[in-house]
**Q** 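Below you will find the structure I want to go over with you.
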Amino acid sequence: MEPVTFVLFGATGDLAKRKIYPALYNLFVDGKLPEAFSLIGLGRRDWTDEFFQSNIEQSLRQFSRREIQDQALMQSFIRKFRYTVLDIGRTDDYKKLLGIIEERERALQLPPNRMFYLSVGPEYFTTIASNIAESGLGSAAGWKRLVIEKPFGHDLQSARDLNEHLGKSFAEEEIFRIDHYLGKPMVQNLEVLESANPIIQALWSNRYIANVQITASETVGVEERAGYYDHVGAVRDMFQNHMLQMLMMLAIHLPHNSSPGDVRKHKKQVMEALIPLSKSEVSANVIRGQYTSGSIGGNPVKGYRSEPGIGAGSMNDTYIAAKLQVDDYFWRGVPFYIRTGKRLSEKSTRIVVEFKEALHQASTVALGGAPNLLLIEINPNEGIMLQLNTKENGELKPVQIQLHESSKDIPEAYENLIFDALVGNPTFFAHWDEVELAWAWVQPILDAFQENLVPLASYEAGSNGPAEADALLAEDGFHWWFDSKENTETKRKDEEYAYQTGH
Ligand SMILES: NC(=O)C1=CN([C@@H]2O[C@H](COP(=O)(O)OP(=O)(O)OC[C@H]3O[C@@H](n4cnc5c(N)ncnc54)[C@H](OP(=O)(O)O)[C@@H]3O)[C@@H](O)[C@H]2O)C=CC1
Ligand SMILES: O=C1O[C@H](COP(=O)(O)O)[C@@H](O)[C@H](O)[C@H]1O
């Protein structure tokens, strides 16, 4: 791996502490950092190198997935870190930074390969990018890369403006847009699941698949992020990025031995095949919800409008569910149902592929069986499960076969992504084409929400979301799978009742 200087904007912030330092440490322990590596942390706080290093040590002790056992090893990692004060808007600070980087490069005999990681608010991205270009930080003889965190814009136009600005200082292949869901091992597994398994490949189309369900439910509420969240809602915070990325990763059909370019091309094709919704069609296909008070894990929790920093009349969406259609050869006619929300019954990110009834008869359920399902658990548990029917005492009985369970010691999303950025592999980063297409698809939803064309459904904290989201599937004769137990059993009873009574 090539030597590099990692220039970290926002080195004193929360993301750096919770995700970036632990990820770098684990890469270091696994021998996946370059031998010659230097990190320069930046922020406005007046920290010394020693204070910065002691903060990193604390962050590793608190957040690393590995216990710190070898003190000397940890110290040799921390010695690679330096800190300097930089105010993002002050051009002189970039000149000073250039001097510091060049001095370190000379001392460590590093070539001028520089990775600029912007762990700061998106409002600073364009200023930093142009100051990097103007100060000469990005014009040395080595390579340069820019790593940015979502959100990439607030809507279609602002995303385009942001991209145009960044494009003045960095080429598209130098920009690595982190969508941390693309770093999750099971999301990275999705394309392999289909392309490397002839059994699944043979079934991976509208001929055999009845519907696909993508869920990201969280138990946490708005926490301390009211200022941010009340302006973005679930649609911008999760749906436009993480949820649509999971859809792309599931729906792509890749050629054998595909390159990063193939992955991008095919993801783009999926987005281009998504049937657009007009503003007037949004309310029939999208549910927006907001949590009311309830209880989670036996503890009472407030409703969204009573959370600190949230106005009593807020119409912000803390939940969104939508029905999407990919109009291509493989997926035409297969609904993709997507939902995500806060303060739900459990933390679970999963994809369920429901297969069509054998011989297209509705008889399997009547005889005690259930549809074949492929469950891909992404987070916090990882696994793949297949539900099949067998016969026991003359009756059909669904059996669930665990095909894959992950080991405990799996790399964090940020480890995978930072490693890929260091080696220049763009496969699991969001390309501008996808980001733009995702905003374009979501824009009518943003407009319809803004104009209150979609009713705001309420759901009790600790539930599985609004009843309207159940109705969205029920209209097509489906229901959400693997909702928290109580609900699933209720639904199953309802289903049996409906079958027996014909209602
Ligand atoms: N935290 C998380 O879990 C996640 C965060 N993100 C994104 O990552 C980015 C960073 O988030 P987070 O770490 O939580 O934010 P924090 O508010 O915790 O940190 C912000 C950082 O920016 C620095 N900063 C702010 N203004 C300036 C300035 N004018 N000049 C120099 N430095 C400045 C701060 O340094 P100082 O105070 O020393 O000036 C601080 O290090 C955001 O874009 C966020 O959306 C994305 C996913 C998850
Ligand atoms: O990007 C975000 O993701 C988290 C959920 O991430 P996960 O890895 O825990 O599933 C979400 O809580 C946050 O609001 C959002 O900004």
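We use all heavy atoms of the structure for the numbers below, so side chains are in, but hydrogens, waters and symmetry mates are not. Residues take their numbers from the sequence shown, with the count starting at 1. When a ligand or atom number is given, it counts from 1 through the structure's own listing order.
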**Q** Does Glu172 have more than 12 heavy atoms from other residues, nucleotides or ligands lying within 6.0 Å of its CD?
**A**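 Yes - once you tally the heavy atoms of other residues, nucleotides and ligands closer than 6.0 Å, there are more than 12.
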**Q** Around ligand 2, what residues show up once you keep those with a heavy atom under 4.0 Å from it?
**A**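 Ligand 2 is contacted, at a heavy-atom distance under 4.0 Å, by Lys150, His180, Tyr181, Lys184, Glu218, Arg225, Asp237, Met238, His242, Lys342, Lys347, Asn379.
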**Q** Heavy-atom contacts with ligand 1 below 4.0 Å: which residues, ordered by chain and residue number?
**A**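 Residues within 4.0 Å of ligand 1: Gly10, Ala11, Thr12, Gly13, Asp14, Leu15, Arg18, Gly43, Arg44, Arg45, Leu86, Asp87, Ile88, Ser119, Val120, Gly121, Pro122, Tyr124, Glu149, Lys150, Pro151.
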**Q** Count the heavy atoms of every other residue, nucleotide or ligand shown that sit under 6.0 Å from NE2 of His165, and state whether that count exceeds 12.
**A** no
**Q** Is the ring centre of Tyr319 less than 6.0 Å from the ring centre of Tyr291?
**A** no
**Q** Check Lys19, Arg65, Lys32 against Glu415 for a salt bridge (Lys or Arg N to Asp or Glu O under 4.0 Å) and give me the one that passes.
**A** Arg65
**Q** More than 12 foreign heavy atoms under 6.0 Å from CD of Gln75: is that the case here?
**A**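 More than 12 heavy atoms, drawn from other residues, nucleotides or ligands, come within 6.0 Å of this atom.
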**Q** State, yes or no, whether a side-chain contact exists between Val220 and Lys347 at a heavy-atom distance under 4.5 Å.
**A**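 Counting from C-beta outward, Val220 and Lys347 never come under 4.5 Å.
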**Q** Between Asp161 and Gln157, do the side chains contain a donor N or O and an acceptor N or O under 3.5 Å apart?
**A**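 On atom types as modelled, these side chains qualify, holding a pair under 3.5 Å.
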**Q** Can you confirm whether more than 12 heavy atoms, excluding those of Glu123, are under 6.0 Å from its CD atom?
**A**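 Counting other residues, nucleotides and ligands, CD of Glu123 exceeds 12 neighbours.
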**Q** Can you tell me if Glu224 has over 12 outside heavy atoms packed within less than 6.0 Å of its CD?
**A** no
